[in-house]
Amino acid sequence: MMFDLLFDHYESFHEKRISTRRFTENTWQELLQEWAENEQLNFRKIGETFEGRSIQEVRFGQGPIHIAAWSQMHGDEATATMALADIFLFLSQYSTSFVDFKKELHQKVSIFFLPLLNADGAKKWTRETALGIDMNRDALTQNSPEAKILADWLGEIKPTFSFNLHDQNRLYSAGKTPHQTHIALLATAGDEHGTWTASRLRAAKITNRMAKHLKPFLGEKIAKWSDEYEARAFGDYAQGKGYGLVLLESGGAGWDLEKQSLRKYNACLLLDAFHSIATESWRTEETNLYQHLPTNERQIFDILIKKAPLNQDEPIYRADIGLNIQENAREDGSIQFSWIIEDLGDLSPWYGLTEINGEELHLHSEKMLKKEGVYHQLILTKNNQVAFDLSTYTQKINS
């Protein structure tokens with residue numbers, strides 16, 4: 001299968017100059033300039049963000065079937081942008097590998113990309129644009145310049161297939177299970193009735209193909225978003241226009257907080273999807289696997305300590321505590337990871353990526369645990385010996 005071949009050869013087109021989700025403007029501009037010098041990729045400035053950053057279209061191919069893909073309309077959702085960097089490297093490489101693959105793409109499809117659409121939000125590492133607007137709730141009124149540019153661009157190229165690329169909360173679960181959602185998919189609804197139009201069916205066949213490829217690697221860690229119609233969202237807007245919209249969401253991957261494993265899946269899934277469109281092999285896909293994927297739920301904490309001690313002094317009161325990783329943008333352009341107590345009490349319906357039995361443990365580092373502030377230190381002991389030390393996990397997430 002083409003996906004497996006791409007997956008096996010991923011290191012040959014892994015763009016190693018981007019290794020974290022938050023990368024600098026200078027790095028991105030240097031890469032854009034490098035890609036622009038390659039005759040296989042065509043660049044066109046189609047507008048500017050509110051703060052004046054250039055929005056560039058990257059095009060590959062001269063075929064009659066139009067495909068659109070855009071990433072990072074939410075500024076702090078960069079996994080797919082990293083994957084697009086890999087794809088641009090792949091498409092621009094002069095090598096003996098995948099020659100027929102690239103030739104077929106170039107002749108049969110035209111792929112239009114808008115990478116890093118919300119560059120202002122990316123700079124600040126915020127979901128919203130510089131105007132404070134969530135672009136993905138701005139498809140109808142188009143109050144932000146970025147939303148108007150995206151809508152006009154889609155109307156200009158009128159894609160047969162389109163790919164809306166996002167990151168979702170890393171602690172979604174695939175159904176009400178302990179399985180962390182690594183990748184979520186959706187063939188969005190194009191109207192409030194959820195009509196299975198030709199556009200939506202095309203998208204569902206692509207999502208089914210993606211799920212089929214992911215299943216051997218991720219098992220039960222694949223889910224789908226709720227398909228409740230949201231007219232203000234660009235996915236639903238694009239489906240309503242007949243653009244065959246596929247929503248691809250990168251969730252969590254255990255302790256891989258920079259989501260490099262999910263980046264790899266993104267790059268290989270998208271390239272395989274483009275090839276299936278070029279060869280029209282997507283037409284033979286079913287939709288059964290996609291239709292039966294569990295939906296995203298919220299059933300997981302990073303660390304769940306059951307019957308944890310809440311205070312030091314007798315009598316000891318106990319309850320479950322759910323600790324989650326919190327990320328904050330640093331001024332130096334990096335991300336700092338820290339811990340918060342997300343919830344406290346009876347958490348029996350929930351799971352933890354790491355679960356600790358705290359029934360015989362005692363609180364050492366704090367007088368009392370509370371659902372407020374950041375926790376840099378949390379030590380639990382048993383028989384005066386350290387049984388749980390949060391700093392061990394802090395070192396892991398910030399290494």
Any chance the rings of Phe217 and Phe7 have centres within less than 6.0 Å? yes

Check this for me, if you would: do Lys306 and Glu355 make a salt bridge, where the nitrogen-to-carboxylate-oxygen distance has to be below 4.0 angstrom? yes

Does a side-chain heavy-atom distance below 4.5 Å link Leu269 with Leu6? no

Nearest 0.5 Å, what's the CG-CD1 distance between Leu257 and Ile335? 9.0 Å

Please report the shortest heavy-atom distance between Gln142 and Lys148, naming the atom on each side. OE1-CA, 3.7 Å

Going by ring-ring contact (aromatic ring centres under 6.0 Å, His included), name the residues that satisfy it together with His179, two or more places apart in sequence or in a different chain. none

What distance do Phe337 atom CZ and Gln326 atom CD have between them, rounded to the nearest 0.5 Å? 11.5 Å

For Arg53 and Glu25, what are the C-alpha separation, side-chain angles and deciding distance, and is it a side chain to side chain contact (heavy atoms under 4.5 Å, CB included)? CA-CA 10 Å; Arg53 292 179 172 87; Glu25 282 185 277; 2.6 Å; yes

For the CG atom of Leu378 and the CG atom of Leu323, what is their distance to the nearest 0.5 Å? 6.5 Å

The complete set of salt bridge (Lys or Arg N to Asp or Glu O under 4.0 Å) pairs with one or both residues in residues 287-300, sequence neighbours excluded, reads none

Would you check if Glu280 and Lys108 make a side-chain contact, meaning some heavy-atom pair closer than 4.5 Å? no

What about Tyr237 and Phe234, are their ring centers closer than 6.0 Å? yes

Using a strict threshold of under 4.0 Å (side-chain N to carboxylate O), is an ion pair present between Asp256 and Lys264? no

Just do the side chain to side chain contact (heavy atoms under 4.5 Å, CB included) check on Lys158 and Lys241 with the steps written out, would you? CA-CA 9 Å; Lys158 294 180 171 53; Lys241 295 287 187 181; over 6 Å; no

Using only heavy-atom distances, determine whether the side chains of Ser110 and Arg59 contain a donor-acceptor pair under 3.5 Å. yes

Any heavy-atom pair between the side chains of Gln93 and Phe98 that's under 4.5 Å? no

Return yes if some donor-acceptor pair links the side-chain N/O of Asp167 with the main-chain N/O of Thr79 below 3.5 Å, else return no. yes

With side-chain hydrogen bond (donor to acceptor under 3.5 Å, both in side chains) as the rule and sequence neighbours excluded, what pairs involving residues 202-216 come up? Arg209-Asp272, Arg209-Glu285, Lys212-Glu285, His213-Asp272

I'd like to know whether Glu57 forms a side chain to side chain contact (heavy atoms under 4.5 Å, CB included) with Glu156, so could you lay out the CA-CA distance, the side-chain angles of the two residues, the decisive distance to 0.1 Å, and finally the verdict. CA-CA 12 Å; Glu57 172 197 86; Glu156 175 190 344; 5.5 Å; no

Taking every non-hydrogen atom, the tightest pair across Ile18 and Ala85: CD1-CB, 4.1 Å

Are the side chain of His66 and the backbone of Ile157 linked by a donor-acceptor contact shorter than 3.5 Å? yes

Side-chain H-bond candidate by donor/acceptor type, Thr24 with Asn26, under 3.5 Å: no

Residues Leu363 and Pro309: closest non-hydrogen pair is N-CG, 3.6 Å

With a 3.5 Å distance limit and no angle check, can you tell me whether Ser54 reaches the backbone of Glu48 through a side-chain donor-acceptor pair? no

Test your reading of the model: is there a side-chain donor-acceptor pair from His106 to the backbone of Lys102, 3.5 Å cut-off? no

Do Thr81 and Ser71 get their side chains close enough for a donor-acceptor pair, meaning under 3.5 Å? yes

Minimum heavy-atom distance between Asn357 and Leu361, given as atom pair plus value: O-CD1, 3.7 Å

Do any pairs count as a side-chain hydrogen bond (donor to acceptor under 3.5 Å, both in side chains) and have a residue in residues 371-392, sequence neighbours left out, and if so which ones? Glu360-Lys382, Asp389-Ser391

Taking only residues at least two apart or on different chains, which pairs with a member in residues 136-161 satisfy ring-ring contact (aromatic ring centres under 6.0 Å, His included)? Phe161-Trp282

Glu128 and Thr126: side-chain donor and acceptor closer than 3.5 Å? no

Indicate the atoms forming the closest heavy-atom contact of Phe50 with Ala130, along with that distance. CD2-CB, 3.8 Å

Using a strict cut-off of less than 4.0 Å between a Lys/Arg side-chain nitrogen and an Asp/Glu carboxylate oxygen, indicate whether Glu327 and Lys259 qualify as a salt bridge. no

When you measure from the side chain of Arg127 to the backbone of His74, do you find a donor-acceptor pair of N or O atoms at a distance under 3.5 Å? no

Contacts of Trp255 that satisfy ring-ring contact (aromatic ring centres under 6.0 Å, His included) - sequence neighbours left out: Tyr393

Should Ser199 and Leu245 count as side-chain neighbours, where that means a heavy-atom distance under 4.5 Å? no

Taking the six-membered ring for Trp, are Tyr172 and Trp225 ring centroids under 6.0 Å apart? yes

Sub-3.5 Å donor-acceptor pair from the side chain of Arg232 to the main-chain atoms of Arg137, do we have one? no

Residue that, paired with Glu342, satisfies side chain to side chain contact (heavy atoms under 4.5 Å, CB included) out of Ile321, Leu171, Asn324: Asn324

Once you round to the nearest 0.5 Å, how far does CG of Leu131 lie from CD of Glu51? 8.5 Å

Considering only heavy atoms from C-beta outward, does the side chain of Leu116 approach that of Phe23 to under 4.5 Å? yes

With Phe90 as reference, evaluate Phe274, Tyr10, Phe101 under the ring pair (Phe, Tyr, Trp, His ring centres under 6.0 Å) test and give the passing residue. Phe101

Without swapping roles, check the side chain of Asp320 against the backbone of Leu304 for a donor-acceptor pair under 3.5 Å. no

For Ser162 and Tyr243, indicate whether the former's side chain and the latter's backbone hold a donor-acceptor pair under 3.5 Å. yes

CZ of Phe60 to CG of Leu41, rounded to nearest 0.5 Å, is 7.0 Å

For Thr279 and His275, indicate whether the former's side chain and the latter's backbone hold a donor-acceptor pair under 3.5 Å. yes

Taking the side chain as C-beta and beyond, is there a heavy-atom pair between Glu15 and Met82 under 4.5 Å? no

With distance as the sole test, does Asp138 use its side chain to make a donor-acceptor pair with the main-chain N or O of Ala147 at under 3.5 Å? no

How far does CD of Gln239 sit from CG of Leu186, to the nearest 0.5 angstrom? 8.5 Å

Pairing donors with acceptors under 3.5 angstrom, does anything connect the side chains of Trp70 and Asn164? yes

Are the side chains of Trp350 and Ile300 in touch, meaning some heavy atoms are under 4.5 Å apart? no

Shortest non-hydrogen contact between Ala204 and Trp196, atoms and distance: CB-CZ3, 3.6 Å

Does the side chain of Asn42 reach to within under 4.5 Å of the side chain of Gln62, using non-hydrogen atoms? yes

Could Arg170 and Asp302 be called an ion pair, given the rule that one side-chain N must be under 4.0 Å from one carboxylate O? yes

As a quick check of understanding, evaluate side chain to side chain contact (heavy atoms under 4.5 Å, CB included) for Phe163 and Leu248, giving each step before the final call. CA-CA 7 Å; Phe163 296 85; Leu248 174 57; 5.9 Å; no

